Amino acid sequence: MRQPKTKLNILRQRIHIIIYGSDTKAGRLFDLILLGLILLSVFCVMLETVKGFDVKYHHELIILEWIITVFFTLEYILRIITTNTPRRYIFSFFGIIDLIAILPMYLSFFFVGSKVFSVIRALRLLRLFKILNHPKFMGQSQHLLRALDASRRKITIFLYFIIISTILIGSLMYVVEGEENGFTSIPTSIYWTIVTLTTVGYGDISPGTPLGQFIASMVMILGYGIIAVPTGIVTAEFAKTNASNTDNTEPEKNKCGNCGAENHYKSAHFCYHCGYPFTTN
């Protein structure tokens, strides 16, 4: 049954479009403000852990944190009120994250130190993907996903080869170096191999024999080649995917005759902004 178009229902619909939609200027502005406040909140929580800064500006940080918390609380309530399926939102992934984001400050009244968990609000930055729900971004993201999917088996085989190699090299280094040089066990030697192979090199364990140093040098050189392999696989598949989908997914500078929006797909039949149908030749 349709709800009557009262002023309250019209206002509710407008707020719903602003909060849940990202295809309008007001909706995008709201999302950008929301993301800015999320970043500011996380930044404040991090600054509170800096003792010198917290001592000087503790009162200001608390006030700012409460202002942000009240904003998030109102936003959470409005999301529940304006949606037609409040239960679905409350128990959805984003609904749970939104609730967790506002709880730490309120819980700080009862549990000392719980406010530090406000940093969990960083998870709300996942809403950035909603803002990027635009043909220019979605087309490229689809290319990347297809490239990763096409590279899945090659990368799996590559990782299997790396795992076998690290076990063999680690076992060899355990035999060559021994406990006197820090290689106290095969798992420890495998740890050294992974650290060296990835060119991190913590330096907590290092070979002391000439043969061990020679093997370490080879592992380091091999590491540079290994870093390039996954990148090359994905890049090659991305190039193939991009070339095969250029005609259908690359946006072109054609304007909508109704609202003037640009960057539509070549295969698009309607405007992504206002829904105006394109004239087909």
Side-chain angles (χ1 to χ4, degrees), residues 35 42 91-97 100 119-120 122-178 181-207 211-251 265-267:
L35 289 173
V42 174
F91 293 101
S92 67
F93 173 76
F94 281 116
I96 294 170
I97 293 298
I100 292 173
V119 75
I120 294 172
L123 291 173
R124 299 197 73 196
L125 291 172
L126 292 171
R127 290 192 180 275
L128 178 65
F129 291 107
K130 186 165 75 75
I131 295 176
L132 296 179
N133 187 21
H134 186 281
K136 288 189 292 184
F137 301 108
M138 293 301 291
Q140 294 302 319
S141 64
Q142 288 297 323
H143 291 175
L144 181 59
L145 288 173
R146 291 194 194 102
L148 290 172
D149 183 63
S151 308
R152 186 178 69 252
R153 292 181 181 177
K154 293 178 183 177
I155 292 176
T156 301
I157 294 170
F158 171 75
L159 290 175
Y160 177 75
F161 167 76
I162 294 301
I163 291 170
I164 297 300
S165 299
T166 53
I167 293 173
L168 292 175
I169 295 171
S171 301
L172 178 62
M173 288 299 290
Y174 173 73
V175 173
V176 171
E177 291 296 320
N181 289 319
F183 294 81
T184 55
S185 64
I186 290 179
T188 303
S189 301
I190 291 173
Y191 156 77
W192 172 88
T193 305
I194 294 171
V195 170
T196 306
L197 202 60
T198 54
T199 69
V200 176
Y202 291 124
D204 52 344
I205 305 172
S206 58
L211 180 57
Q213 291 170 354
F214 174 77
I215 295 172
S217 301
M218 294 297 102
V219 172
M220 292 175 198
I221 294 171
L222 180 64
Y224 284 106
I226 285 173
I227 290 172
V229 172
T231 307
I233 292 172
V234 176
T235 303
E237 293 296 339
F238 184 80
K240 290 179 185 178
T241 306
N242 197 32
S244 62
N245 290 279
T246 298
D247 292 336
N248 293 323
T249 58
E250 284 298 319
Y265 292 144
K266 292 181 180 180
S267 58

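Source: prediction; values computed, not measured.
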Under a 4.5 Å cut-off applied to non-hydrogen side-chain atoms, are Ile221 and Met218 in contact? yes
Donor-acceptor contact below 3.5 Å, side chain Thr196 vs main chain Thr193: no
What's the separation between atom CD1 in Ile194 and atom CD1 in Ile163, rounded to the nearest 0.5 Å? 8.5 Å
The reported gap from OG in Ser189 to CG in Asn181 (rounded to nearest 0.5 angstrom) is 10.5 Å
State, yes or no, whether a side-chain contact exists between Asp204 and Trp192 at a heavy-atom distance under 4.5 Å. no
Which is it for Ile190 and Tyr174 under the side-chain contact (heavy atoms from CB on, under 4.5 Å) test, yes or no, and what are the steps along the way? CA-CA 9 Å; Ile190 291 173; Tyr174 173 73; over 6 Å; no
Between Tyr191 and Phe183, is any pair of side-chain heavy atoms under 4.5 Å apart? no
Side chains of Met173 and Ile215: does their closest heavy-atom pair fall under 4.5 Å? yes
Note: Val176 and Gly212 closest approach over all heavy atoms is CG1-N, 3.8 Å
Might you point out which heavy atoms bring Ile96 and Phe91 nearest each other, and give the distance in Å? CD1-O, 3.9 Å
What distance separates Ile169 CD1 from Ile164 CD1, expressed to the nearest 0.5 Å? 11.5 Å
Sub-4.5 Å side-chain heavy-atom contact between Phe93 and Ile97: yes
Does Ser206 use its side chain to pair, donor to acceptor, with the backbone of Gly203 at less than 3.5 Å? no
Taking the side chain as every heavy atom from C-beta outward, state whether Thr188 and Ser185 have any pair of such atoms under 4.5 Å apart. yes
Which pair of heavy atoms, one from Glu177 and one from Gln213, lies closest together, and at what distance? OE2-N, 4.4 Å
Side-chain contact, heavy-atom cut-off 4.5 Å: Leu197 with Ile162? yes
